[in-house]
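Predicted model, so just to flag it, every value in this text is computed and none were measured. Letters A, B, ... mirror the listed sequences (proteins, then strands); counts begin at 1.
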Amino acid sequence: MATTYLEAIREGLFEEMDRDPNVFLLGEDIGIYGGAFKVTAGMLDRYGPRRIVDTPISESAIVGAAIGASFMGLRPVAEMQFADFISCGFDQIVNFAAKCRYRWNAPAPMVVRAPCGGGIHGGPYHSQQNEAWFAHTPGLKVVLPATARDAKGLIKSAVRDNDPVIFFEHKALYRRVKEDLPQGDYTVPLGKANIHREGRHLSVITYSAMVHVADEAASIVAKEGLSVEVIDLRTLTPLDEDTILASVRKTSKAIVFHEATLTGGFGGEIAARITEKAFEYLDGPVMRLAAPDTPVPFSPTLEEAYLPNVDKLVAKIRQLAAY
Amino acid sequence: MATTYLEAIREGLFEEMDRDPNVFLLGEDIGIYGGAFKVTAGMLDRYGPRRIVDTPISESAIVGAAIGASFMGLRPVAEMQFADFISCGFDQIVNFAAKCRYRWNAPAPMVVRAPCGGGIHGGPYHSQQNEAWFAHTPGLKVVLPATARDAKGLIKSAVRDNDPVIFFEHKALYRRVKEDLPQGDYTVPLGKANIHREGRHLSVITYSAMVHVADEAASIVAKEGLSVEVIDLRTLTPLDEDTILASVRKTSKAIVFHEATLTGGFGGEIAARITEKAFEYLDGPVMRLAAPDTPVPFSPTLEEAYLPNVDKLVAKIRQLAAY
Amino acid sequence: MAAVKLEALTRHDASQSPEADLARKALTYMTMMREVEERIERRLYRQGKVLGGVYVGRGQEAIPVGAGLAARPDDVLFPSHRDLALYLMRGVTPGQIFAQYMGRVGGLTRGRDGNMHMGDLSKGLVAIISAMAASVPVAAGAAMALKYQGRDQIVMVFFGDGATSRGDWHEGINLAAVQKAPLVLFCNNNQYAYSTPLDKQMACANVADRAPGYGIPAEIVDGNDPLAIYEAGRRGADHARMGLGPYLIECKTFRMTGHSAHDPADYVPKQLFEEWSQQCPIVRLEKRMIEEGWATSQEIAQLHERIRLETDQAIEWAEQSPYPDPSTLELDVYETKG
Amino acid sequence: MAAVKLEALTRHDASQSPEADLARKALTYMTMMREVEERIERRLYRQGKVLGGVYVGRGQEAIPVGAGLAARPDDVLFPSHRDLALYLMRGVTPGQIFAQYMGRVGGLTRGRDGNMHMGDLSKGLVAIISAMAASVPVAAGAAMALKYQGRDQIVMVFFGDGATSRGDWHEGINLAAVQKAPLVLFCNNNQYAYSTPLDKQMACANVADRAPGYGIPAEIVDGNDPLAIYEAGRRGADHARMGLGPYLIECKTFRMTGHSAHDPADYVPKQLFEEWSQQCPIVRLEKRMIEEGWATSQEIAQLHERIRLETDQAIEWAEQSPYPDPSTLELDVYETKG
Ligand SMILES: Cc1ncc(C[n+]2csc(CCOP(=O)(O)OP(=O)(O)O)c2C)c(N)n1
Ligand SMILES: Cc1ncc(C[n+]2csc(CCOP(=O)(O)OP(=O)(O)O)c2C)c(N)n1
Ligand SMILES: [Mg+2]
Ligand SMILES: [Mg+2]
């Protein structure tokens with residue numbers, strides 16, 4: 001029976017909570033309500049209020065408390081109701097959690113789950129894709145699964161990881177993406193990209209919801225004889241540079257593709273690394289496709305114009321292929 | 001008489017406060033104490049507590065209050081005692097200030113001043129260079145002067161600008177950099193890079209304190225016959241792409257250079273743009289030099305190893321020149 | 001004849017009193033808010049014409065209305081997400097509100113943002129952002145600016161019980177208190193924040209218990225009585241306008257809906273809904289108005305009818321408002337696109 | 001003879017009482033803190049051997065010492081930047097502290113961070129970060145964890161008057177209060193935050209006035225009396241350990257220095273320094289100890305001498321500790337680099 005992306009995360013959390021009594025969840029409305037998106041539905045019944053902690057509306061306290069609990073040997077999984085509110089707990093994440101191992105050898109093994117991304121008519125405050133802030137903060141790991149299989153395998157790895165992990169779940173994938181999951185206890189390692197689709201002529205390097213857009217675009221241009229490889233990064237830190245470079249060395253052309261806004265997005269990092277480390281292999285400029293530099297607009301006409309999509313990517317692929 | 005970078009900022013603020021009665025300052029210890037770095041020394045005497053507002057320790061309230069005051073027609077200049085604490089007011093900056101014009105046509109003309117950068121033995125919490133977070137946030141302008149002349153001209157432009165500006169002052173430059181300033185009321189426009197030093201063989205694209213490091217490195221390799229052009233971006237948003245591309249089209253080789261940590265830094269953005277838009281002109285990979293992906297360490301031996309410096313840049317220049 | 005005449009006169013006098021006038025205004029705006037939100041939540045949302053989150057203030061209309069009546073027209077308002085009436089009172093039309101919810105250019109944000117995320121500085125209305133309580137420091141700054149400018153306007157800011165847990169709430173009030181900024185704070189204590197009941201939000205009995213920690217006065221009022229809220233609001237506004245600093249008003253009420261349109265609120269004990277349904281601020285005010293002779297039931301029925309008609313027309317107007325042109329997407333991020 | 005003997009016995013008895021023992025410990029740690037900080041601020045800093053900011057707790061030693069005595073050895077401490085004694089009480093050596101300030105590998109952060117930014121989980125000491133009050137939510141989480149684990153330890157967290165303005169302070173206490181987490185909060189109210197006096201920091205008279213807003217008890221104590229702070233700390237610790245939730249202790253004191261070593265504190269009225277210099281917690285305790293027969297002035301002089309010697313040796317030790325090897329720069333950002 002196919003499992004959705006959302007159910008996959010829930011399963012992963014259930015399994016980790018069963019496996020390790022130190023794992024607990026905290027966040028707003030995660031108990032009786034099961035979370036704004038119902039990811040934690042059923043958890044309170046199973047584990048009780050000791051391990052499923054409903055908190056006041058205070059993102060900084062949620063993150064801070066997770067750090068403090070991690071110091072005491074627990075494995076907190078904190079939920080931000082939307083990734084947009086993670087900026088309310090920003091200082092705790094980038095200054096407390098990220099730096100404590102480096103400074104005084106006090107690891108903070110914890111996960112901050114953050115439902116991100118647009119396409120749900122959420123407007124400027126329920127659609128953000130703000131992973132780049134965290135990928136620029138040494139000490140944090142940044143994870144963004146694209147598939148149900150990875151969502152489960154990565155959340156389990158994140159919970160077991162001994163460093164703070166920001167885990168971005170794409171809201172538009174929660175119920176739209178599903179697949180049969182492997183049986184039993186499996187994990188997907190942090191720091192390993194997935195070759196989502198093999199190809200020979202051009203690499204699209206992407207992550208999160210855009211993996212599916214890239215796959216569709218690849219199918220379309222395949223009919224024109226263009227073989228596109230789709231790399232799903234899965235984690236931005238650690239970054240699987242080897243897989244990126246191997247792909248580009250093979251195809252000689254690369255498009256970096258993400259839903260976050262263009263300027264200062266993580267795509268720049270990837271494009272820069274490709275250029276620096278695979279320059280001789282390049283048969284054309286590394287191109288980027290991303291959202292324009294605006295807040296995420298609410299109205300359907302504007303949001304559609306804002307979000308990267310199959311058409312825009314197909315056009316970009318054709319442009320680079322023709323270079 | 002030569003004016004320091006710090007005095008230049010102070011002069012700029014004095015002039016803008018004299019010019020426009022709507023300009024006022026708020027922040028911690030900016031009044032009788034004149035600010036942690038004495039940038040606002042003398043202001044309280046001249047303008048009184050109405051226009052020089054000492055606040056409680058609450059960065060989020062400082063930024064929020066600046067936004068609210070700007071809505072009422074004032075021109076607030078908020079001081080963060082250190083750029084490291086800007087993360088405590090992060091949500092107000094990236095979600096309130098940055099988006100209000102776009103959302104409902106309510107501009108927030110305000111400046112957030114933030115003393116940044118390392119080299120003063122400040123350790124992880126008094127040395128950060130975190131401009132990339134803001135340069136990835138549409139709606140904000142990000143300014144980082146490198147010289148006394150620019151510091152004055154840019155702070156004046158920032159105060160007059162009708163959008164929220166994050167103004168990063170480099171602490172290591174405050175008293176170290178000085179020059180004779182132009183007489184009278186001058187401004188330096190936001191969005192215009194400066195060709196700090198002309199050259200033919202290779203472009204170093206940089207900003208803030210690293211401009212001086214680049215200039216020194218350029219002087220050293222000049223003796224080897226290598227002519228290096230140093231571009232001082234001055235503002236990251238708006239970004240002066242034209243000046244960058246014109247330089248690279250001329251020299252065909254580029255190093256992007258900043259003090260912030262490498263991964264996810266704004267250097268990736270610049271490198272990506274160069275590669276995408278000047279690919280045919282490139283005679284070598286665009287390279288980057290930046291701090292390693294760690295917190296800023298305290299101990300002199302570690303901080304010295306951490307900070308980009310002349311030696312490291314000279315080595316990089318030679319490497320790229322030899323490509 | 002004489003007796004009848006006298007009675008009519010008495011009635012007339014009562015209905016002409018300032019209190020009657022206030023009550024009629026309160027009833028009008030509460031009813032308008034109820035009607036507009038009913039259409040949004042129960043019709044347009046279910047028809048798929050309204051996208052995104054829908055948060056209504058059913059049963060809590062007395063708060064924005066009582067407060068709004070206490071404000072001077074030039075005072076500056078920071079509504080929260082259940083304060084629709086404040087917009088109506090400042091002359092935003094129901095049509096603009098429907099257009100806003102439907103993402104049309106006729107809305108206050110021209111489709112850039114949705115639902116209650118709207119403002120209009122020319123009307124003294126500042127738009128919330130989603131982050132709860134983020135308005136409080138901003139309102140503090142607006143109030144500081146009014147004082148700076150020597151104006152005698154004040155600022156009113158609105159928030160829920162849950163919002164008081166946020167650091168911004170604390171920092172904003174503290175700054176305003178230290179600065180003696182003219183700020184009146186209205187807490188809509190509807191006893192829930194999404195699914196979270198008060199006892200998981202705070203360990204004190206009242207939000208008002210926090211006021212001494214900022215050295216500011218506070219009072220607790222019946223959140224379903226617009227006239228009581230008006231009175232408290234006047235006290236608060238006078239306090240602030242006299243330069244005495246912030247003033248906190250806690251309005252005890254109940255959220256008669258789920259958190260938003262998609263939330264069935266199974267977590268709320270049914271009994272609470274039943275109890276509080278007896279306290280509907282509209283029904284209560286109507287009853288009182290008839291008792292006091294401030295209006296007849298016929299007049300009230302006419303009011304409802306008029307508002308229904310206006311609302312019908314407003315929806316028509318909004319539905320004719322176009323969606324924004326995609327080519328405008330990148331405008332107005334900065335003053336000049338840069 | 002008999003009289004003399006009796007007197008000696010009485011003295012002996014007094015000096016053997018638990019109170020005397022406590023007082024001696026308090027004096028020892030206060031003196032150690034004073035001595036170590038004097039060397040840092042007035043010698044090593046001026047010699048250029050200590051880099052970065054230097055914040056000392058001169059005149060405020062009673063707070064960490066009184067609190068630390070009230071803690072059980074397995075309780076978890078979150079010191080702030082004027083609480084050096086807590087480290088000494090948990091067995092961190094003066095040598096390690098000097099090495100920390102000098103950026104040597106012998107310091108608790110091995111040169112990665114400076115001054116009071118140090119911790120050691122094995123000793124129940126959690127390092128602050130610079131952002132004031134950021135420790136409060138973290139301490140709340142640690143306390144929640146102890147409760148989760150069914151342990152009967154508690155957490156003590158320390159902060160200044162200025163720190164209470166921050167959102168984190170509010171969010172952290174509120175969360176701990178709702179969760180009834182075993183947390184004792186110590187406010188060092190030294191009446192200044194950098195150059196900012198209390199009346200520009202808060203509009204209430206006492207930090208303790210904020211406790212009712214979290215539904216927690218608070219008390220105000222003489223911040224220059226370690227035994228009074230110890231007593232309050234015991235009450236707080238008992239309260240927390242019994243599962244009754246957080247407890248706030250406000251210690252009224254004065255910052256007898258500039259904010260940091262480079263601040264001459266011109267903004268502080270001279271008279272305040274004079275007044276408060278009469279309240280030195282070390283001098284006061286010594287006087288009382290002699291009066292109560294808990295120690296002789298000779299014993300006290302010996303204590304000072306012993307501490308001076310130990311401090312000399314500690315500095316020598318620290319100066320021999322090497323600077324970190326630059327090749328270690330990129331280690332320990334993550335568990336495994338990469
Ligand atoms: C900082 C932040 N975290 C989480 C949310 C998600 N959220 C939206 S409304 C809400 C509950 C608000 O409760 P309250 O302040 O009591 O207002 P009410 O909805 O009850 O009127 C939550 C948790 C948010 N908007 N902002
Ligand atoms: C969030 C934040 N803003 C600003 C600072 C700069 N700063 C360091 S200590 C200090 C004053 C702290 O005052 P208080 O909490 O009263 O402690 P005290 O130094 O008086 O013991 C300030 C403003 C900081 N460390 N953190
Ligand atoms: Mg509520
Ligand atoms: Mg203080």
Side-chain angles (χ1 to χ4, degrees), chain A residues 27-38 40 44 49 53-62 64 80-92 118-128 261-263 291-307, chain C residues 50-53 100-105 107 109-115 117 128-134 160-170 192-198 200-203 259-260 262-263 265-267 322-334 337-338:
Chain A
E28 295 154 16
D29 307 297
I30 63 170
I32 190 166
Y33 197 70
F37 294 96
K38 304 292 179 192
T40 58
L44 183 67
V53 181
D54 265 326
T55 66
I57 304 176
S58 41
E59 282 72 13
S60 192
I62 292 169
M80 303 281 106
Q81 206 156 78
F82 284 81
D84 309 66
F85 305 136
I86 202 169
S87 32
C88 299
F90 198 70
D91 184 61
Q92 288 286 349
I120 60 152
H121 308 301
Y125 299 113
H126 291 79
S127 307
Q128 291 175 43
T261 54
L262 182 76
T263 297
D293 294 328
T294 77
V296 188
F298 168 69
S299 192
T301 52
L302 293 177
E303 192 181 13
E304 202 188 306
Y306 170 89
L307 286 174
Chain C
V50 156
L51 305 164
Q100 165 76 11
Y101 270 85
M102 291 193 278
R104 310 299 177 101
V105 291
T109 65
R110 304 147 296 138
R112 258 72 182 306
D113 205 338
N115 55 48
H117 290 195
I128 49 166
I129 69 169
S130 278
M132 292 289 111
D161 45 291
T164 69
S165 299
R166 278 215 58 233
D168 269 16
W169 186 83
H170 173 73
Y192 276 89
Y194 213 146
S195 72
T196 307
L198 279 179
K200 286 197 176 143
Q201 194 70 241
M202 58 191 74
H259 169 62
S260 62
H262 66 265
D263 168 18
D266 301 329
Y267 49 82
Y323 284 111
D325 184 334
S327 73
T328 63
L329 172 66
E330 296 190 51
L331 300 181
D332 299 324
V333 179
Y334 299 98
K337 208 197 157 242

Does the C/Gln201 side chain pair with the main chain of A/Ile57, one donor and one acceptor, at a distance under 3.5 Å?
-> yes
C/Asp113 and A/Tyr125, any side-chain heavy atoms less than 4.5 Å apart | yes
Contact winner vs chain A - C/His262, C/Arg112, C/Lys200, heavy-atom pairs under 4.5 Å | C/Arg112
Shortest non-hydrogen separation from A/Phe298 to C/Leu51 and the atoms involved | CZ-O, 3.4 Å
Winner by heavy-atom pair count (cut-off under 4.5 Å) against chain A, out of C/Gly107, C/Ser165, C/Gly52 = C/Ser165
Given a strict heavy-atom distance threshold of 4.5 Å, which part of A/Asp293 is in contact with chain C: side chain, backbone, both, or neither?
-> backbone
Heaviest contributor of heavy-atom pairs below 4.5 Å to chain A, chosen from C/Asp263, C/Thr109, C/Asp266, is C/Asp263
Contacting region of C/His117 [heavy-atom separation from chain A under 4.5 Å] | side chain
Quick one: list whatever passes ring pair (Phe, Tyr, Trp, His ring centres under 6.0 Å) with A/His126, sequence neighbours left out.
-> A/Phe82, A/Phe85
Bottom line for C/Asp168: the part with an atom under 4.5 Å from chain A's heavy atoms is neither
Identify, with sequence neighbours excluded, every residue that meets side-chain contact (heavy atoms from CB on, under 4.5 Å) alongside A/Asp29.
-> A/Tyr33, A/Gln81, C/Tyr194, C/Ser195, C/Thr196
Most heavy-atom pairs under 4.5 Å with chain C, out of A/Gly122, A/Ser299, A/Pro297, belong to A/Ser299
Heaviest contributor of heavy-atom pairs below 4.5 Å to chain A, chosen from C/Arg166, C/Arg110, C/His259, is C/Arg166
Mind ranking A/Ala61, A/Ser60, A/Ala36, A/Ser87 by heavy-atom pairs under 4.5 Å with chain C and telling me who comes out on top?
-> A/Ala36
When you look at A/Thr294 and C/Leu331, which way does the side chain to side chain contact (heavy atoms under 4.5 Å, CB included) test go after all the steps?
-> CA-CA 9 Å; A/Thr294 77; C/Leu331 300 181; over 6 Å; no
Are any side-chain N or O atoms of A/Thr301 and backbone N or O atoms of C/Pro324, one a donor and one an acceptor, separated by less than 3.5 Å?
-> yes
Using non-hydrogen atoms and a 4.5 Å limit, figure out which bit of C/Tyr192 sits close to chain A: side chain, backbone, both or neither.
-> neither
Can you check whether A/Pro56 reaches C/Met202 side chain to side chain, under 4.5 Å on heavy atoms?
-> no
Does any heavy atom of chain A fall under 4.5 Å from the side chain of C/Ala134, the backbone, both, or neither of them?
-> neither
Engaged part of A/Glu304 at the chain C interface, taking heavy atoms whose separation is under 4.5 Å = neither
Contact leader toward chain C among A/Pro292, A/Ser58, A/Gly123, where contacts are heavy-atom pairs under 4.5 Å = A/Pro292
If you take all heavy atoms of C/Val333 and A/Pro295, which pair is closest and at what distance?
-> CG2-CD, 4.4 Å
